[in-house]
Colleague: 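The structure is given below, and queries will be raised subsequently.
Any value given below was found using the heavy atoms of this structure, including those in side chains, with hydrogens, waters and symmetry copies removed. In the text below, chain A, chain B and the rest are named by the order of the sequence lines, each starting its count at 1.
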Amino acid sequence: MLNVTGIQVFYGNIHAIKDVSFYVKEGEIVTLIGANGAGKSTILKTISGLIHPATGTIEFLNQSIVNLSPHKIVHKGLAHCPEGRRLFLQMSVEENLEMGAYSREDFNIEEEIADVYQRFPRLKERRRQLAGSLSGGEQQMLAIGRAMMAKPSLLMLDEPSMGLAPILVEQIFELIGGLNNAGTTILLVEQNAQMALSIADRGYVLETGSIVITGSAADLLNNEQVKKAYLGG
Amino acid sequence: MTFLSHLISGISLGSIYAIIALGYTMVYGIAKMLNFAHGDVIMVGGYMSFIAMIYFGWPPLLSILFAMVVCTVLGILIEQLAYKPLRAAPSLAVLITAIGVSYFLQNAAQLIFSANHKSYSSVVPFGSLRLFNDRLIISGTTIVTIIVCIVIILALNTIVNKTKIGKAMRAVSEDKDAAQLMGININKTISITFAIGSALAAVAGVLLCSAYPILMPTTGAMPGIKAFTAAVFGGIGSIPGAFLGGILLGIIEILGKAYISTQLSDAIVFAVLIIILLVKPTGLLGKKVLVKV
């Protein structure tokens, strides 16, 4: 479904992504794990078109998307829920959800809004409030809900558990699993490697811009190196 | 009664500033740039309606529509040719370009229409409203100006809050990257903003020339600067702010002229701006952005 081959990304003189290749098959949950600054978010931004790679190819559904502008990539069914949530804080909860559905041609979005509200009843209570007035956890729910509104075939989530209480983290990961069961392919970037690998099919470990280990989630969970560096033991 | 009369003229002049300020504030909100050529688009609107009425003999409404269409196209062209290539450039480069576009428009107008002023006749076909045994006389132009301003502000408010494109504009003004990730085409949104702002500038040009019937290539310059002041005064980026700033500026200017000094009226206007900004740097209705981590 998604094929990334040999991408290199530079920020000025900094070589942020060094010859990274990976793929995501339809129906999978694939996770990119690694420390802060390893380049995980940069890879997602490159896929969604916010950053252009110096070299390399990115194919989504067998079409090259490498030099397309971000809005065109969204229209192809690839949604990106960015790091730090990036909600529209001056807009209401419901308006944020409407923006999530912006790329869709059909205007029949009531069903998805109802679906998001059913998963996150807190958001329904606060539908008319400004997104900026929500708590951190509620904002994260809204960010994921907003990304769901596009009904993407591939959803990229950047650190969905960041800054959340453990109970919420579990709820968010359950939701991700549920979305995947309902047919959405997921590319998940996480620092919480334990949680990420527990729901993923496969994973890639990223270190300073390169993929150093790859394998099935079960293999990675048992890999000594991964255990030591990312699983706290 | 004279005070009331001055107040009404102030609101009327302020309505024109408000309509112009809306263009400044919307473009600033979305493209984060100060389009100093905006004032000169007003002038173009004045000339276009003048030509349509005098040379083509068209009725006023059709002439206004013509001016709006020309200015809309002009606004989009300016954005595409002058500003779009600088999307990633430092803001100073964009600012200087905007000033360049402003001089270009003024000089092009001088070349085409000459520097001699034209006398513009009001587009408002009806006469003055006389109240209290003629002690209060309000011109038709004044009334129409105020009504048009109210209609525009209500329409814009509806567009920005209720329509898909309006919500997209707000999203772009808040976070460009996130807006793109929603599938919003930033360039298209910026073009639409310039189109709306320029169409409003055409309306402002017609109203301005109807109230102050002298049309020349520099006609838009001073009102443009004052409307920019009004936008900052009200809180740049805020639509209600532009409205409030424009109306207040018009009232201050006219009352200053009437009661303090005609020569100093502009100085008073800018002095008030400086005081407001010292007390409230974001302008009257400017928003402080709230960030939660």
Colleague: Dump the intermediate steps for side chain to side chain donor-acceptor pair (under 3.5 Å) on A:Ser69 and B:Gln180, then the final yes or no.
Modeller: CA-CA 8 Å; A:Ser69 40; B:Gln180 284 181 288; over 6 Å; no
Colleague: Might you work through the side chain to side chain donor-acceptor pair (under 3.5 Å) test for A:Tyr23 and A:Glu59, ending with a clear yes or no?
Modeller: CA-CA 9 Å; A:Tyr23 64 92; A:Glu59 281 185 357; over 6 Å; no
Colleague: Select one option (side chain, backbone, both, neither) describing which atoms of B:Asn187 are under 4.5 Å from chain A's heavy atoms.
Modeller: neither
Colleague: At a heavy-atom separation under 4.5 Å, does A:Leu87 approach chain B through its side chain, its backbone, both, or neither?
Modeller: backbone
Colleague: Answer with side chain, backbone, both or neither: which region of A:His80 has an atom nearer than 4.5 Å to a non-hydrogen atom of chain B?
Modeller: both
Colleague: Return the orientation label for the B:Phe194 and B:Tyr83 ring planes: parallel under 30°, perpendicular over 60°, tilted otherwise.
Modeller: tilted
Colleague: Who among A:Met91, A:Met162, A:His75, A:Lys72 has the most heavy-atom pairs with chain B under 4.5 Å?
Modeller: A:Met91
Colleague: What is the distance from atom CE of A:Met149 to atom NZ of A:Lys151, rounded to the nearest 0.5 Å?
Modeller: 9.5 Å
Colleague: Can you classify the ring geometry of B:Phe228 versus B:Tyr24 as parallel (below 30°), tilted (30 to 60°) or perpendicular (above 60°)?
Modeller: tilted
Colleague: Quick one: which of A:Lys45, A:His71, A:Met99 has the most heavy-atom pairs under 4.5 Å with chain B, could you say?
Modeller: A:His71
